[in-house]
2 protein chains.
Amino acid sequence: MTEKLTLNMNAYLPLRDVVFNTLREAILKGELKPGERLMELQLAARLGVSRTPIREAIRMLELEGLAVTIPRKGAQVAKMTEKDMEDVLQIRQALDELAVKLACDKITEQQLRQLKSAVRDFEESTRSRDVKKVAQADVAFHDAIYKAADNPKLMNLLNNLREQMYRYRVEYLKDETAYPTLIAEHREIYEGLLRRDKEAVAQAMVKHVMNQEIVVKNIIREQE
Amino acid sequence: MTEKLTLNMNAYLPLRDVVFNTLREAILKGELKPGERLMELQLAARLGVSRTPIREAIRMLELEGLAVTIPRKGAQVAKMTEKDMEDVLQIRQALDELAVKLACDKITEQQLRQLKSAVRDFEESTRSRDVKKVAQADVAFHDAIYKAADNPKLMNLLNNLREQMYRYRVEYLKDETAYPTLIAEHREIYEGLLRRDKEAVAQAMVKHVMNQEIVVKNIIREQE
DNA sequence: AAATCATAAAATGTATACAAAATACAGGAG
DNA sequence: CTCCTGTATTTTGTATACATTTTATGATTT
């Protein structure tokens, strides 16, 4: 529990949002560890604000599944067991399949071009050896598909699910031997969308998520 | 905006939770209408509490998608357009399909018996002509499947999606001519699970949700 | 009559104070 | 030494006060 947290003071955004973003980042980066208590007074002192915005930010973290609070006992950073991860990945698989199927019907020519360059950017990023960059490029690829699916609620859910496994995903992307497979899968998905071959893209996406599942589960097992 | 709201004072539950439940009910029952502003001071006065628990309850309503807040402008009851409803139903379809497939693998003998009686209860409820009862029995049927799927996060999501269309669902269940179809579909799903025929249950469930989609969309169109 | 601006009223944002509950801790009993 | 138990401390829950922003009002101008 280091003294790292600092607010990214954006004059106008309500403090609860600034605090929320700060805590969210800290949780995703692992600075606040799973199971760690989120004590209002302490956080308030560290961030130099009152308890009010802290409390509201915590309610918002619950919304994202990043914190769990027990009445009159306080909040802690959400823990994630292997089973939890399996559960999340099952859902992601179903929703990613849905997203790519919807995208198949609705994607525009322009969005196809954007997706193509996202595929290319991802390939390039893997050559940079910068895991953070790789992760970002991967997010961009999937976001392009989500946008094409034209279902904001679905996009929201998927972003949220992705966030819940962020920490493990970063670990996952450190394994450079996986890059060729990932690149190939991205290409396959892109080409399926280009041909608007719904069955093919659905299958490719399911495979893509399934591969992640296997690796991520291994990572969790190793950690224990 | 009637003076209806009253707190169900449960001595121990934090006020934010009591307020949350109260407002949630009011929104689902239609006492607080889509687009209506949720003003803290006013709600606080009506419910006889301070603004603090109101504010936290509003944050929690956002979590459920029942309220939307704009910084420095306040919260309002979430509106739902036909497109929103379509989006929700697409997601529901995918996740209900997932749930029933998972249930196919995991459902126990005991849970099968419970599901059977849920099917029977639903049939009986339709004879009662009490829409509220019918809705409850329908919820019980689906919950039995969700429980069998053994994925709490999935159950959570599905309950949440169901909640978001509660008002329309009740309208939907007022149409008695739909009952025979519903009963037949429930039976079909149950029998598929009994045979553990994954393809059959998935198909039956997709059909079931699709039928709802058609009817609910008609209802929305009529309202406009 | 419509538009604009100044001012007043009301609403949200934040901090703080006090109450109630949970936790930690020390001392004593067994 | 372990287990209670009661007290002190910490933490959460709630109300309230004040600051800031938004919204409403109404007079004034065109």
Side-chain angles (χ1 to χ4, degrees), chain A residues 1 3 5-24 26-27 32-63 66-79, chain B residues 1 3 5-24 26-27 32-63 66-79:
Chain A
M1 210 230 294
E3 270 299 342
L5 301 184
T6 332
L7 286 186
N8 198 358
M9 272 307 192
N10 176 329
Y12 194 69
L13 217 61
L15 274 182
R16 64 164 176 269
D17 292 314
V18 182
V19 171
F20 168 71
N21 287 327
T22 307
L23 294 180
R24 182 173 156 281
I27 292 172
L32 292 170
K33 299 211 169 50
E36 188 168 338
R37 285 183 69 183
L38 297 170
M39 282 179 298
E40 299 168 6
L41 217 67
Q42 191 197 91
L43 291 173
R46 280 217 273 172
L47 297 177
V49 300
S50 81
R51 281 174 58 213
T52 310
I54 301 279
R55 285 177 68 87
E56 301 197 358
I58 287 175
R59 292 291 101 69
M60 293 163 81
L61 288 170
E62 288 187 86
L63 168 160
L66 295 176
V68 177
T69 104
I70 302 168
R72 297 196 158 72
K73 290 215 170 172
Q76 24 172 264
V77 178
K79 291 178 193 170
Chain B
M1 209 229 296
E3 270 299 343
L5 300 183
T6 333
L7 288 185
N8 197 357
M9 273 307 192
N10 176 330
Y12 194 68
L13 216 60
L15 273 182
R16 63 163 177 270
D17 292 315
V18 182
V19 171
F20 167 71
N21 287 327
T22 307
L23 294 180
R24 183 173 156 281
I27 292 173
L32 291 169
K33 299 210 168 49
E36 188 168 337
R37 285 184 69 184
L38 296 171
M39 282 180 295
E40 300 167 6
L41 217 68
Q42 191 198 89
L43 290 173
R46 279 217 273 171
L47 298 177
V49 300
S50 82
R51 281 173 58 213
T52 311
I54 301 279
R55 286 176 68 86
E56 301 198 357
I58 288 176
R59 292 290 101 69
M60 293 164 80
L61 288 170
E62 288 186 86
L63 169 158
L66 294 176
V68 176
T69 104
I70 301 169
R72 296 192 158 73
K73 292 224 176 160
Q76 29 170 259
V77 179
K79 290 178 192 169

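Note that the structure is predicted; figures quoted are calculated from it, not measured.
- Shortest non-hydrogen contact noted between A:Ala57 and A:Arg16 is CB-O, 3.6 Å.
- Minimum interatomic distance between B:Leu38 and B:Ala67 (heavy atoms only, all atoms of both residues): CD1-CB, 4.0 Å.
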Check: Is there a side-chain contact (heavy atoms from CB on, under 4.5 Å) between A:Val18 and A:Val49 once you walk through the steps?
Finding: CA-CA 11 Å; A:Val18 182; A:Val49 300; over 6 Å; no
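- For A:Arg55 and D:dT12, the shortest distance from a side-chain N or O to OP1 or OP2 is not below 4.0 Å.
- We find that CD of B:Glu40 is positioned 16 Å from P of D:dT14, with the value rounded to whole Å.
- Spacing between atom CD1 of B:Ile70 and atom C1' of C:dA11 amounts to 14 Å, rounded to whole angstrom units.
- Helix bend of the helix from C:dA1-D:dT30 to C:dG30-D:dC1: the angle between its two end axes, each built from five pairs, comes to 20° after rounding to 10°.
- B:Leu43 has its CG atom 17 Å from the P atom of C:dA10, to the nearest Å.
- Here C:dT14 presents its P atom at 14 Å from CD of B:Glu56, a figure rounded to the nearest Å.
- Look at CG on A:Leu13: it is 14 Å from C1' on C:dT12, rounded to the nearest Å.
- B:Lys73 has no side-chain polar atom (N or O) that falls below the 4.0 Å cut-off from OP1 or OP2 of C:dA11.
- Residue A:Met39 contributes atom CE, which lies 13 Å from atom C1' of C:dA24 at whole-angstrom precision.
- Under the side-chain contact (heavy atoms from CB on, under 4.5 Å) test applied with B:Leu23, the options B:Leu66, B:Leu32, B:Val77 reduce to a single match, B:Leu32.
- Whole-Å rounding puts the B:Leu41 CG to D:dT22 C1' distance at 15 Å.
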Next item on the list: Please step through salt bridge (Lys or Arg N to Asp or Glu O under 4.0 Å) for the pair A:Glu56 and A:Arg59, ending with a clear verdict.
Entry: CA-CA 5 Å; A:Glu56 301 197 358; A:Arg59 292 291 101 69; over 6 Å; no
Could you go through nucleotides 16-21 of chain C and list every protein N or O atom that sits under 3.5 Å from one of its N or O atoms, giving the distance for each pair?
residue	atom	partner	partner atom	Å
C:dA21	O3'	B:Tyr12	OH	3.3

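- Here the straight-line distance linking atom CZ of A:Arg72 with atom CG of B:Leu13 works out to 8.0 Å at 0.5 Å rounding.
- The 5' end of DNA chain C is approached more closely, in terms of each residue's nearest nucleotide, by B:Leu38 than by the other of B:Leu38 and A:Arg37.
- How far CD of B:Glu36 is from CD1 of B:Ile27: 9.0 Å, rounded to the nearest 0.5 Å.
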Note to self: Set out, in order, the CA-CA distance, both residues' side-chain angles and the distance that settles side-chain contact (heavy atoms from CB on, under 4.5 Å) for A:Leu43 and A:Arg46, then state yes or no.
What the structure shows: CA-CA 5 Å; A:Leu43 291 173; A:Arg46 280 217 273 172; 4.1 Å; yes
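- The CD1 atom of A:Ile58 sits 9 Å away from the P atom of D:dG13 (whole-angstrom rounding).
- Going from atom CG of A:Leu47 over to atom CD1 of A:Ile54 covers 5.0 Å, rounded to the nearest 0.5 Å.
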